[in-house]
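Here is the structure we will look at, set down as structure tokens.
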Amino acid sequence: MKIASFNINGIKARLPALLDWLREAGPDVALLQEIKSVDEGFPRMEIEELGYNIETHGQKGFNGVAILSKLAIEDVVRGLPPLDENDDSDEQARWIEGTVVGDNAAVRVCGLYLPNGNPAQPPESRPKYDYKLAWMARLEARARDLLASEEIALMAGDYNVIAEPLDAENPERWVTDALYLPETRAAWRRLVNLGFTDAIRETTQAGGVYSFWDYQRGAWERNDGIRIDHFLLTPQAADRLTAAGIDSTLRGRERPSDHVPVWIDLDI
DNA sequence: ATGGCCGGTGGAACCGGA
């Protein structure tokens with residue numbers, strides 16, 4: 001079973017590129033981020049014609065996530081639960097999960113678009129960074145439950161986290177950035193160390209492996225990228241991992257997203 | 001050395017992104 005994650009940066013602008021990629025790569029499941037569309041505005045028909053079921057969690061103008069699946073999608077949940085009564089509920093459309101049912105086994109797939117968090121400069125107040133850290137705390141709570149369920153499960157999407165220096169062409173440029181601050185990286189490690197496998201790092205320790213290149217400064221041409229789109233697998237999913245990769249060639253095409261698809265293959 | 005983009009909204013600039 002091939003499962004992919006793709007921050008498309010706007011479904012309206014990206015529909016032709018998305019359809020081309022779905023035809024070529026043919027993932028069984030695709031988790032999309034930044035659809036930037038309300039549910040009613042999502043172009044269902046064109047995607048359904050390629051054999052996909054669709055579940056969206058949209059919002060006007062920004063954010064928005066979706067699950068596309070050639071298999072049936074069951075038990076869909078939108079948004080992360082609040083941590084406690086003081087926690088504002090997860091009002092931005094950044095999380096969707098569901099169970100995709102294969103012939104031999106089911107997989108719980110969670111698609112996420114973690115907040116960017118910039119600007120993150122103290123001593124000024126930094127509400128966006130606080131929101132990012134609070135969101136990561138909600139994510140960690142959900143992750144613990146997911147592990148406890150002992151399901152074949154994964155959490156994939158745009159984490160907006162540069163985990164290690166190896167994951168940036170110029171790590172020194174990111175030291176004050178919300179994607180790379182020590183608190184961000186510590187929250188990432190807490191999450192992974194619960195018992196998840198970073199699927200790309202399971203298959204390569206190479207540098208220069210990125211999933212995002214800025215539209216500015218000729219970043220793509222100079223491979224000035226960062227790896228911020230990740231697949232975290234529960235042990236039961238990691239047991240079945242046979243391959244993982246990044247479709248970086250999409251970044252060089254006409255009117256690309258600034259992210260490219262990341263994918264895994266599970267023996268299911 | 002510096003600045004260079006893009007999508008969405010709404011119908012001009014501005015916000016948000018990373």
Side-chain angles (χ1 to χ4, degrees), chain A residues 5-19 21 32-43 56-66 90-95 111-121 124-136 139 156-185 187-188 208-230 246 248 250-262:
Chain A
S5 167
F6 189 6
N7 180 325
I8 57 175
N9 189 17
I11 186 60
K12 265 184 276 182
R14 211 66 60 220
L15 186 60
L18 175 65
L19 294 175
W21 170 71
L32 305 182
Q33 302 89 40
E34 281 206 87
I35 64 173
K36 294 187 176 180
S37 163
V38 292
D39 296 332
E40 311 79 66
F42 196 82
T56 61
H57 180 33
Q59 134 182 24
K60 185 179 171 72
F62 305 105
N63 308 319
V65 287
D90 188 29
E91 74 276 9
Q92 299 182 12
R94 297 178 174 275
W95 177 272
L112 66 101
Y113 176 46
L114 206 147
N116 174 308
N118 281 307
Q121 258 55 266
E124 305 98 76
S125 74
R126 36 181 201 175
K128 292 196 175 179
Y129 193 58
D130 294 340
Y131 183 73
K132 176 176 194 153
L133 294 178
W135 206 92
M136 292 183 86
L139 175 60
D158 179 357
Y159 278 75
N160 273 314
V161 172
I162 302 168
E164 297 184 279
L166 184 66
D167 295 317
E169 188 71 8
N170 290 106
E172 65 281 0
R173 188 187 305 152
W174 298 93
V175 291
T176 62
D177 193 282
L179 278 61
Y180 192 60
L181 281 175
E183 277 180 277
T184 305
R185 296 176 60 196
W188 164 265
V209 174
Y210 307 127
S211 65
F212 170 91
W213 296 260
D214 202 289
Y215 286 123
Q216 303 183 66
R217 292 176 290 274
W220 165 247
E221 288 73 13
R222 298 183 292 113
N223 196 30
D224 183 7
I226 50 179
R227 189 175 75 94
I228 55 174
D229 298 87
H230 305 298
I246 301 184
S248 51
L250 264 75
R251 189 60 181 80
R253 293 189 184 173
E254 239 4 62
R255 217 176 172 200
S257 172
D258 39 8
H259 296 252
V260 294
V262 178

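From a predicted model like this one, the values you see are computed outputs, not experimental measurements. A note on names: the letters A, B, ... follow the listed sequences, proteins ahead of strands, and every chain is numbered from 1. Just so it is clear, the values below take in all heavy atoms, side chains as well, and ignore hydrogens, waters and symmetry mates.
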Quiz prompt | Euclidean distance for P, B:dG3 against B:dA18 (whole angstrom) | solution = 23 Å
Quiz prompt | Spacing of the P atoms in B:dC14 and B:dG4 (rounded, Å) | solution = 16 Å
Quiz item: Is a salt bridge present between A:R251 and A:D258, judged by a nitrogen-to-oxygen distance below 4.0 Å?
Solution: no
Quiz item: In chain order, what residues pass the side chain to side chain donor-acceptor pair (under 3.5 Å) check against A:W174, with sequence neighbours excluded?
Solution: none
Self-check item: Non-neighbouring partners of A:D39 that pass side chain to side chain contact (heavy atoms under 4.5 Å, CB included), sequence neighbours left out
Solution: A:T56
Self-check item: For A:A163, side chain to side chain contact (heavy atoms under 4.5 Å, CB included) partners two or more places apart
Solution: A:D167, A:W188
Exercise. Using the C1' atom on both, measure B:dC15 against B:dG10 and round to a whole Å.
Key: 13 Å
Quiz item: When rounded to the nearest Å, what value does the distance between C1' atoms of B:dC6 and B:dA1 take?
Solution: 25 Å
Quiz item: Is the phosphate of B:dC6, meaning OP1 or OP2, less than 4.0 Å from a side-chain N or O of A:R255?
Solution: no
Practice problem: For each nucleotide in nucleotides 9-18 of chain B, reading 5' to 3', give B when a protein heavy atom comes within less than 4.0 Å of its base, S when such contact involves only the sugar-phosphate, and - otherwise. | Solution: SS-----SSB
Self-check item: P atoms of B:dG17 and B:dA12, separation to the nearest Å
Solution: 25 Å
Quiz item: How long is the line joining CG of A:D224 and P of B:dG4, in whole Å?
Solution: 17 Å
Exercise. Mind checking ring-ring contact (aromatic ring centres under 6.0 Å, His included) for A:W213 and listing every partner two or more places apart, or none if nothing turns up?
Key: A:W220
Self-check item: Residue list, side chain to side chain donor-acceptor pair (under 3.5 Å) with A:Y180, at least two apart or on another chain
Solution: none
